[in-house]
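One structure is given here, and the rest of the page talks about it.
The sequence lines fix the lettering, A, B, ..., with proteins before strands; numbering per chain opens at 1.
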Amino acid sequence: MADEEREAKTVIPKENFSEWYNEVLRRAEIMDVRYPVKGLYVWFPFGLKLRNLIYSILRALLDEEHDEVLFPTLIPRTEFMKEEKHIKGFEDEVFWVTKGGVDELDVPLALRPTSETAIYPMFKVWIRSHADLPLRVYQIVNVFRYETKHTRPLIRLREVTSFKEAHTAHRSWEEAEAQVRKAINIYRAFYDRLAVPYIITKRPDWDKFPGAAYTIAFDTIMPDGRTLQIATIHHLGTNFAKTFDIKYEDIGGEYKYVHQTCYGISERCVAAVIATHGDDHGLVLPPEVAPTQIVIVPIIFSKDERSAAVIETCRSVHAALKNSFRVVLDEGEERPGAKFYKWEMRGVPLRIEIGPRDVSREECTFVRRDTFERFTVPLSNVVSEAEKVLKDVYENIWRRSKEHFASRIFDFCGNERGQGREDEIKECVRRGVVAIFMCGSEECGVEVKERFDADVLGEEVTTCLGDAGERRGCCIICGAEGKRTYIARTY
RNA sequence: GGGGCUGUAGGGUAGCCAGGGAUCCUGCCAGCCCGGGGCGCUGGUGACCGGAGUUCAAAUCUCCGCAGCCCCA
């Protein structure tokens, strides 16, 4: 086989992100895209393990102040149709169950596109007095959207298989707003642990969640420069409380509407981890969520009488590590090189090679997935060194992804920099996110789309890199007072 | 919302225009040989997206459906 062909088989260039993404999902056994319905995909065992490890982080964060609940998948049309703006936002993309067996249903049932209208009728029943507040619950459920556009595994789905949505009710606007801030911190902690960089913005009014007072969103940047929305947080005010008549009796005996929030993350968080860290060899996973954290590969020479000792050493190293790590000893028949590629594709953060040479020197060879750096470690120190390496892998990929992220945010704020540089802005939009001053009107949003071919993410709340300097300036379109606003091509 | 392209073993492909025997690589299974980055050899397994039509004959032509990809708005 020609070197060129072998190379093509071995590595997948990440420059062509779309192709890379599909190829990695298949080869790393995350998802099988061959299910014969548009927008529905199958989780492979390895992908599901990764997913569950990622979710356990979020679960732990939410469990501190939320109770987990589970609501039905089906919502009666009568409840679903109560909130006018909410309906308008979703009616084009709802799947309906209209038949039971051969009979038409009197009241059609919606497959939830989101759960507000399932949960809030029950909130009305649950909430009596101020003592019941704050009420904070979450659930991890599937939601359905009838997407007509091109769907994409983990990113644009007809069935989101694991929407992690929280719903809260409070006594006042301020208390609900404090909850919004808490939610932001929970999601920050979550993405920090995944080493996925983010920008947090307040979505423009015309792009907020249907029925919300306002929406805060997290976006990350994909390798092709487009942004991916990876979390949203909504202050609902009393909009839904009024629709569903959710009231509490305050200390003075007066009945008041509750103020609500809701916030959620879909399986896009898994896509973000894959896309952010992966390279031409496949997945690179943060050790905390890697289904296999360490793989041990024996190097055996059949004519070498030390081979038995090699296997024995591998097994004892495996035994020493398995109490502290998710570790696999690969005793398969493949040649070492094939094993290396296989485990690299699955993103295993640390590989330990043990061969006759290592055994006679009482050491082993460590190879890091993030840097491919190779070095030897005394067998007596394997556990403590592995701990060190995994910690360092996390720190390195977090530093690396933030640097890369920073290099794709282009600042056109301050000193009238934005004006007269439209071609330059347009060029930057093709590569990442652009910060400009904007007034926030929908007219100017439409104009931004036309001039720069970019969507408005929203005004800056903060980013994983900290706050940027200048926050107020003249709108790049109309010249009115504007705020620091991010624009980008979006998924 | 509009337009275009595509669908051949588990994955990647040739064949299609000009109708007749389905090509090659890889994977998988068995056996050998091996092992510090996808070694090599022998044998085996496995496919024309679904349906209808035209025809003596359809992977190939026509229509419908399903699925995927790309472009424009």
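For B:C70, the OP1/OP2 oxygens have a side-chain nitrogen or oxygen of A:Ser18 closer than 4.0 Å. A:Arg335 has no side-chain polar atom (N or O) that falls below the 4.0 Å cut-off from OP1 or OP2 of B:C34.
Proximity of a side-chain donor or acceptor of A:Arg361 to a complementary backbone N or O of A:Thr376 within less than 3.5 Å is not detected. In this structure, A:Arg489 contributes its side chain and A:Gly225 its backbone to no donor-acceptor pair below 3.5 Å.
Proximity of the aromatic rings of A:Phe375 and A:Phe366 is defined here by a centroid distance below 6.0 angstrom, and this criterion is met.
Atoms CD1 (A:Ile299) and C1' (B:G35) sit 7 Å apart, rounded to a whole Å. What separates CZ of A:Arg351 from C1' of B:G37 is a distance of 8 Å, to the nearest Å. One atom, CZ of A:Phe366, and another, P of B:G36, lie 21 Å apart when rounded to the nearest Å. Note: CZ (A:Arg306) to C1' (B:G35) measures 14 Å, nearest angstrom. In this structure, A:Trp343 places its CH2 atom 19 Å from P of B:G37, rounding to the nearest Å. When the P atom of B:G12 is taken as reference, atom CD of A:Glu19 falls 10 Å away, rounded to whole Å. Rounded to whole angstrom, the span from the CD atom of A:Glu334 across to the P atom of B:G36 amounts to 13 Å. Here B:A30 presents its C1' atom at 13 Å from CD of A:Glu333, a figure rounded to the nearest Å.
For B:G53, the paired base is B:C61 (Watson-Crick or G-U wobble, both distances below 3.5 Å). Look at B:U23: it lacks any Watson-Crick or wobble partner with both distances under 3.5 angstrom. In a base pair of the Watson-Crick type (N1 to N3 plus N6-O4 or O6-N4) or a G-U wobble (N1-O2 and O6-N3), with each distance short of 3.5 Å, B:G44 is matched with B:C28. B:G35 is unpaired under the criterion used here, namely a Watson-Crick or G-U wobble arrangement in which both key atom distances are under 3.5 Å.
Checked by distance alone, A:Arg34 brings no side-chain donor or acceptor within 3.5 Å of a matching partner on the base of B:G68. If you check distances only, the side chain of A:Thr148 never reaches the base of B:G1 with a donor-acceptor pair under 3.5 Å. Looking at A:Lys339, its side chain has no donor and acceptor atom pair within 3.5 Å of the base of B:G36. Scanning atom types as modelled, one donor and one acceptor separated by under 3.5 angstrom connect the side chain of A:Glu344 and the base of B:G37.
Comparing the C1' positions of B:C24 and B:G68 gives an interatomic distance of 24 Å, to the nearest angstrom. Only the P atoms considered, B:G50 is 16 Å distant from B:C66, to the nearest whole Å. Taking atom P in both B:A47 and B:C41, one finds a spacing of 25 Å when rounded to whole Å. Rounded to the nearest Å, the gap between the C1' atom of B:C49 and that of B:A67 is 8 Å. Rounded to whole Å, the C1' atom of B:A57 lies 13 Å from the corresponding atom of B:C61. For the P atom pair drawn from B:C56 and B:G11, the interatomic distance equals 37 Å after rounding to whole Å. B:C16 and B:U23: their C1' atoms are spaced 14 Å apart (whole Å). Nucleotides B:G40 and B:G35 are separated by 13 Å at their C1' atoms, to the nearest Å.
With no hydrogens or angles considered, no side-chain donor-acceptor pair links A:Arg268 and A:Thr220 at under 3.5 Å.
In summary, A:Arg346 and A:Glu29 engage in a salt bridge, as defined by a charged side-chain N under 4.0 Å from a carboxylate O. Ion pairing of A:Asp219 with A:Arg203 is present here, as a side-chain N (NZ or NE/NH1/NH2) and a carboxylate O approach within less than 4.0 Å.
By the stacking rule of 5.5 Å between ring centres and under 30° between planes, A:Phe301 does not stack on the base of B:G35.
At a threshold of 4.0 angstrom between heavy atoms, the contacts of A:Gly332 include nucleobase atoms, whether or not backbone atoms are also involved. Using a 4.0 Å heavy-atom criterion, one finds that A:Lys449 contacts no nucleic acid atom at all. Base engagement by A:Pro356 is indicated by at least one non-hydrogen atom pair under 4.0 Å involving a base atom. Residue-level contact check: A:Lys303 touches the backbone only, with heavy atoms under 4.0 Å from sugar-phosphate atoms and none from bases.
A heavy-atom distance below 4.5 Å is not found between the side chains of A:Arg369 and A:Trp343.
Distance from the side chain of A:Ala338 is smallest to B:G38 among B:G38, B:G68, B:G36.
Along RNA chain B, the nucleotide nearest to A:Ile300 and the one nearest to A:Val37 differ in position, and the one closer to the 5' end is contacted by A:Ile300. Taking for each of A:Val367 and A:Arg26 the nucleotide of RNA chain B with the nearest heavy atom, the 5'-most of the two is the partner of A:Arg26.
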